Amino acid sequence: MAYTVTFWGTRGSIPTPGAHTARYGGNTSCVAVEGPGGQLVILDAGTGIRELGLTLVERQNGAVKAEILLSHTHWDHIQGLPYFKPFFAPGNTVRIWGSKQGAKSLDAILHLQMDPAVFPVPLSAVSAALSVQEVQPGGQFSVGPFRAQVMQLRHPGTTLAYRLTPLSGGKSMAYVTDNELGPGGSYDTPPSWRRDLVQFLDRVDLLVHDAMYTPAELETHRGWGHSSYEEAVELAAEAGAKQLVLFHHEPEHDDGALDELVAAARRLAQRRGAPAEVAAAQDGLELSL
């Protein structure tokens, strides 16, 4: 099965609009995976999901049916949800997948985000048919035309990676953002975690991975739950990924800084002999698998 992967938001932490980020974009995390007939799986709901929602409504051919897979519920991965226009039209169907955080359910977290104390419209007021489905690390499930496999990452809170493989066969992709590959932090992951991650990503066709920092920046951000571009390239090579897209860009990195970062990542990949393709995610980038 052929499908497209479109990046609607690629920035980490906070939106960064302005001329200095015009090429790579300033919206926070949101990636749309679209199969035949418009079957849609959305990875994260940062501010990029607002523009995606507008596009879905504009091209609407019947009701919108969206499956949203959340890596976790930190602000930059859910802050676009209240502005997702398909929420506010009857006949649309939206299902949100993700993990609870500690003792707090995913449903409770999403309602808190739109509590009247912080947002004028409560989640209970949306017109679409909304459901919330919790998933566990290590599990797998069918979503749209894909089989989704789930793995826990090294990031504060419970943070999930997703590997999507077409049920009918075809190329696979993995979405692995907010993940600390190097030492640092205290995470609830087993000693075999790195080996398990490489196996989880084994020969994936497209790997979208956190590359928030340069190696120098990383030294002052150990334990924050993020990786450098060098670590992302090394992981992609170790797992045999065919294409690596660097993601979750540091807010302070302007277009020039990201040009330098991706150039350095490509040089490292050439020396390493893998992965064959390295790019930095840009708002609006569309890939075909």
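Note that the coordinates shown come from a computational prediction; the quantities given were computed from them, not determined experimentally.
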*asked:* Donor-acceptor pair, distance only, cut-off 3.5 Å: does the side chain of Asn92 make one with the backbone of Val64?
replied: yes
*Given the rule that I, L, V, M, F, W and Y join up when any side-chain heavy atoms are under 4.5 Å apart, are Tyr229 and Leu244 in one cluster?*
yes
*Between Arg11 and Thr16, do the side chains contain an N or O donor and an N or O acceptor separated by less than 3.5 Å?*
yes
*Co-membership, hydrophobic cluster, residues Val31 and Met1, 4.5 Å side-chain*: yes
*Are more than 12 heavy atoms from other residues, nucleotides or ligands located less than 6.0 Å from atom CD of Glu217?*
yes
*Dump the intermediate steps for side-chain hydrogen bond (donor to acceptor under 3.5 Å, both in side chains) on Asn179 and His209, then the final yes or no.*
CA-CA 8 Å; Asn179 185 37; His209 197 283; 3.2 Å; yes
_No-hydrogen, no-angle side-chain donor-acceptor test under 3.5 Å, Asp259 and Tyr24_ = yes
*Keeping to residues at least two apart or across chains, list the ring pair (Phe, Tyr, Trp, His ring centres under 6.0 Å) pairs with something in residues 99-131.*
Tyr83-Phe119
*Is there any side chain to side chain donor-acceptor pair (under 3.5 Å) pair reaching into residues 261-276, and which pairs are they, with sequence neighbours excluded?*
Glu234-Arg272
_Lys/Arg N to Asp/Glu carboxylate O, Glu231 vs Arg222, below 4.0 Å_ = yes
Cut-off 3.5 Å, no hydrogens considered: what does the side-chain donor-acceptor table look like for residues 281-289, sequence neighbours left out?
from	atom 1	to	atom 2	distance (Å)
Gln282	NE2	Arg23	O	3.1
Asp283	OD1	Thr10	N	3.2
Asp283	OD1	Thr10	OG1	3.2
Asp283	OD2	Gly26	N	3.4
Asp283	OD2	Asn27	N	3.3

*Ile49 and Trp97: same hydrophobic cluster, using ILVMFWY side-chain contacts below 4.5 Å?*
no
Would you list the atom pairs, donor with acceptor, under 3.5 Å between side chains in residues 124-153 and any protein atom, with sequence neighbours excluded?
from	atom 1	to	atom 2	distance (Å)
Glu134	OE2	Leu106	N	2.9
Gln140	OE1	Arg147	NH1	2.9

*side-chain contact (heavy atoms from CB on, under 4.5 Å) between Ile42 and Trp8: does it pass, once the steps are laid out?*
CA-CA 10 Å; Ile42 302 170; Trp8 293 89; over 6 Å; no
_I'd like to know whether CZ of Arg50 has more than 12 heavy-atom contacts from other residues, nucleotides or ligands below 6.0 angstrom._
no
*With sequence neighbours left out, which residue pairs that include part of residues 242-273 fulfil the ring pair (Phe, Tyr, Trp, His ring centres under 6.0 Å) condition?*
His77-His248, Tyr175-Phe247, His226-His248
*Test item: Asp76 side-chain N/O and Ile14 main-chain N/O as donor-acceptor pair under 3.5 Å*: no
*Any salt bridge (Lys or Arg N to Asp or Glu O under 4.0 Å) involving residues 171-181? Give me the pairs, sequence neighbours left out, ordered by first then second residue.*
none
_Applying a strict under-4.5 Å side-chain criterion to I, L, V, M, F, W and Y, I'd like to know whether Trp224 and Val176 cluster together._
no
*side-chain hydrogen bond (donor to acceptor under 3.5 Å, both in side chains) between Thr177 and Ser71, worked out*: CA-CA 7 Å; Thr177 189; Ser71 61; over 6 Å; no
